[in-house]
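Single-structure report; data block below.
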Amino acid sequence: MSCSPQLSHRDFVAVLSRCSTRAHLEQLHAHAFVSGRAAAQTTTFHLLRFAALRLSCLPYARRLFDATPNPNVFLYSAMLSAYVSSAAATPSAHAHAHGALELFLRMLRRGRPAPNQFVYPLALRAACAVGVRLVRSIHSHARKSGFCEYDVIRTALLDGCSRYGMMADARKLFDDLTERNVVSWTALVSGYARAGKVGDAIVLFERMPERDVAAWNAIIAGCTQNGLFVEAVGILGRMVDKGFRPNATTVSCVLSACGHLGMLKIGKLIHCYAWRTCVGFGSSVLNGLIDMYGKCGNLKGARWIFDEVSDRSLTTWNSLINCLALHGRSECAIAVFNEMRDEGVEPDVVTFVGLLNACTHGGFVDEGLRYFELMQHEHRIEPEIEHYGCIVDLLGRAGRFEDALNVISNMRIKSDEVIWGSLLNACRIHRQLELADLAIRKLLELDPNNANYVAMLANVYSEGGLWEEVRKIRKSVKEENIGKKLPGCSWIEIDRKTHRFYSGDDAHPESEDIYDTLDDLAASMEL
DNA sequence: ATAGGGTTAG
């Protein structure tokens with residue numbers, strides 16, 4: 001590439017827009033010096049944006065910024081934008097948010113350049129990653145400076161509220177906008193979905209006057225986040241029918257839905273689509289594929305994709321470890337965990353859920369306890385309720401009830417139904433009727449109307465041969481008219497026909513054979 | 001010359 005020193009600014013920008021590599025950037029940067037153009041902040045502005053947005057090279061962008069004496073408001077907003085947009089794509093989101101906020105505070109402190117309507121939305125987005133308090137204080141600052149008249153700033157604020165579950169505030173901001181567009185609608189839709197009000201989100205989505213790919217993604221993500229997997233796949237169909245092209249975000253969400261549903265066929269179709277349209281090269285889609293193949297039981301497929309991922313993120317490792325654990329491949333899961341540590345990837349809470357699950361399924365009691373310790377003391381991770389659930393399950397199944405109770409009583413968080421349910425299950429296995437009674441009382445304290453618990457207790461007693469107790473419980477259920485038990489349901493797709501099964505159901509034409517096979521399988525598992 | 005909405009792992 002050669003650039004004449006007489007290049008006009010317009011041509012300089014045009015050349016930059018056709019560049020794609022670091023070498024191009026360095027050459028144009030050098031050219032800017034030679035031609036004397038580097039002194040103009042508008043030149044730095046374009047170079048900075050290229051470094052940040054095209055090359056995702058934040059340090060280069062920051063060096064350009066730092067080398068500029070008295071950067072103007074354009075440079076500040078370009079640098080803030082660089083931080084904010086890279087925060088979404090990296091695990092160091094917090095560091096980047098702080099980088100942005102530090103610059104914003106510098107503007108306020110120095111009073112020059114004064115933040116404008118372009119700076120506030122960026123500062124608010126950064127604040128979202130840090131805490132609701134900061135969102136509020138930037139809000140009041142914007143209001144005092146008269147910037148809350150701008151719809152874009154109010155939309156950024158709406159988004160901030162919706163990310164922290166403050167839907168009443170979000171709704172008010174939405175209603176007060178002078179003009180609502182696809183961005184503000186989408187912010188509200190995803191807010192309701194994140195707050196668990198997916199029904200409201202769907203109603204709102206259906207009323208949207210205009211939709212784009214991000215809007216469709218918002219509702220699909222909302223469905224998968226709330227367990228509406230069938231709906232998520234259905235909405236993908238509608239989206240395609242309307243002529244919208246699913247992108248990497250869409251594909252990641254729908255792959256997650258396919259994994260949860262065990263829809264391997266649709267998952268493969270989406271894999272093909274991603275391959276054909278080239279949206280599948282990003283790691284988010286590859287991670288989704290690992291998860292989908294893994295959850296559907298195709299562990300070879302999952303491993304194959306995993307090996308193809310060049311920049312393995314925490315999610316990549318977690319997806320593989322989790323699906324190995326899910327299918328009882330405990331040794332494999334532990335091996336992958338060790339591989340991950342060898343490569344210097346720091347595990348997180350999710351990693352340990354998978355790892356502890358692997359230990360539980362494999363009956364690796366001591367290893368499980370060891371990893372539980374490792375997690376807390378070496379990795380400084382505070383256990384969440386899921387980790388305690390694994391440990392109680394692990395100890396309970398091993399018949400170590402005293403240890404299990406110790407863990408429960410030393411927990412720094414409130415126990416939940418999973419904890420006591422695990423203990424109850426262990427009590428059933430080891431015929432610990434007295435402890436079972438304690439567990440069931442705790443369960444009924446948590447949810448007095450759940451007839452499942454009563455049924456579970458009846459199972460414990462009946463397996464212990466206490467028929468009189470069982471009869472009493474059954475009677476009390478009828479008399480007290482506790483909420484109806486929802487039957488568990490599973491299904492499988494064979495030759496395009498879906499076979500659906502409820503627990504204890506004998507409606508299937510081949511029901512007898514199915515139960516016989518199940519008995520055989522159970523017998524061969526007893527060892 | 002610049003701004004606001006959409007991921008995935010439990």
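Naming convention: chains lettered A, B, ... in sequence-line order (proteins, then strands); numbering from 1 in each chain.
Remark: ring of A:Phe74 stacked against base of B:dA1; centroid gap under 5.5 Å, plane tilt under 30°.
Each of B:dA1, B:dA9, B:dG10 was ranked by its minimum atom distance to the side chain of A:Leu314; first place goes to B:dA9. The nucleotide whose nearest atom lies closest to any side-chain atom of A:Val213 is, among B:dG6, B:dA3, B:dG10, B:dG6. Distance from the side chain of A:Arg163 is smallest for B:dG6 among the nucleotides B:dG6, B:dA9, B:dG4. Of the candidate nucleotides B:dG10, B:dG6, B:dT2, B:dG6 has the atom lying nearest to any side-chain atom of A:Ala214. Set against B:dA1, B:dT8, B:dG6, the side chain of A:Asn217 has B:dG6 as its closest nucleotide. Of all nucleotides listed (B:dA3, B:dA9, B:dA1), B:dA9 comes nearest to the side chain of A:Asp291. Among the nucleotides B:dG5, B:dG10, B:dA9, the one closest to any side-chain atom of A:Ala187 is B:dG5. Of the candidate nucleotides B:dG5, B:dG4, B:dT2, B:dT2 has the atom lying nearest to any side-chain atom of A:Arg49. Distances from the side chain of A:Gln225 to the nucleotides B:dA9, B:dG5, B:dT7 place B:dT7 closest.
Residue contacts shown for A:Arg211 are absent, as no nucleic acid heavy atom lies under 4.0 Å away. Across all strands, A:Thr249 comes closer than 4.0 Å to base atoms (heavy-atom distances). Heavy atoms of A:Arg125 sit under 4.0 angstrom from primed sugar atoms or phosphate atoms, though from no base atom. Among the heavy atoms of the strands lying under 4.0 Å from A:Ala221 are primed sugar atoms or P, OP1, OP2 only; no base atom is included. Residue contacts shown for A:Ser319 are limited to sugar-phosphate atoms, with no base heavy atom under 4.0 Å away. Contacts of A:Val251 with the nucleic acid, taken as non-hydrogen atoms under 4.0 Å apart, are absent. Heavy atoms of A:Asn287 sit under 4.0 angstrom from at least one base atom. Looking at heavy-atom distances under 4.0 Å, A:Ala248 makes no contact with the nucleic acid at all. Across all strands shown, A:Val182 has heavy atoms under 4.0 Å from base atoms, whether or not it also approaches the sugar-phosphate.
In this entry the distance linking CG of A:Leu326 with C1' of B:dG10 reads 10 Å, nearest Å. In this structure, the CG atom of A:Asn226 is 15 Å from the P atom of B:dG6, given to the nearest Å. Put simply, CD1 on A:Ile153 is 13 Å from C1' on B:dT2, counting in whole angstrom units. Counting to the nearest Å, the P atom of B:dT2 and the CG atom of A:Leu124 are 20 Å from each other. When rounded to the nearest whole Å, the span between CD1 of A:Ile220 and P of B:dT7 equals 11 Å. Note: CG (A:Asn318) to P (B:dT7) measures 19 Å, nearest angstrom. One can place CD of A:Gln117 at 13 Å from C1' of B:dG4, the figure rounded to the nearest angstrom. Rounding to whole angstrom units, CD1 of residue A:Ile270 and P of B:dT8 are separated by 14 Å.
In this structure, a donor-acceptor pair under 3.5 Å is present between the side chains of A:Ser415 and A:Trp420. A:Ser422 and A:Asn425 form no side-chain donor-acceptor contact under 3.5 Å, judged by distance and modelled atom types alone. No donor-acceptor contact under 3.5 angstrom links the side chains of A:Asn318 and A:Thr315, judged on distance only. A:Thr360 and A:Arg397 are not linked by any side-chain donor-acceptor pair at a separation below 3.5 angstrom, with hydrogens and angles left out of the test.
Regarding contacts with the backbone of B:dT8, every side-chain N or O of A:Lys295 stays at 4.0 angstrom or more from both OP1 and OP2. For B:dG4, the OP1/OP2 oxygens have no side-chain nitrogen or oxygen of A:Ser184 closer than 4.0 Å. For the pair A:Asn322 and B:dG10, the criterion of a side-chain N or O lying under 4.0 Å from OP1 or OP2 is met.
For the ring-ring contact (aromatic ring centres under 6.0 Å, His included) with A:Tyr76, the qualifying choice from A:Phe45, A:Phe118, A:Phe104, A:Phe65 is A:Phe65, the only one to do so.
Ring pair A:Trp317/A:Phe306: centre-to-centre distance below 6.0 Å.
With respect to A:Arg63 and A:Asp66, no salt bridge is recorded, no charged nitrogen being found less than 4.0 Å from a carboxylate O.
Under 3.5 Å, the side chain of A:Ser252 and the base of B:dT8 form no donor-acceptor pair of N or O atoms. For B:dG6, its base never sits under 3.5 Å from the side chain of A:Asp212 at any donor and acceptor pair. Counting atom types as modelled, A:Ser284 pairs no side-chain N or O with a base atom of B:dT8 as donor and acceptor under 3.5 Å.
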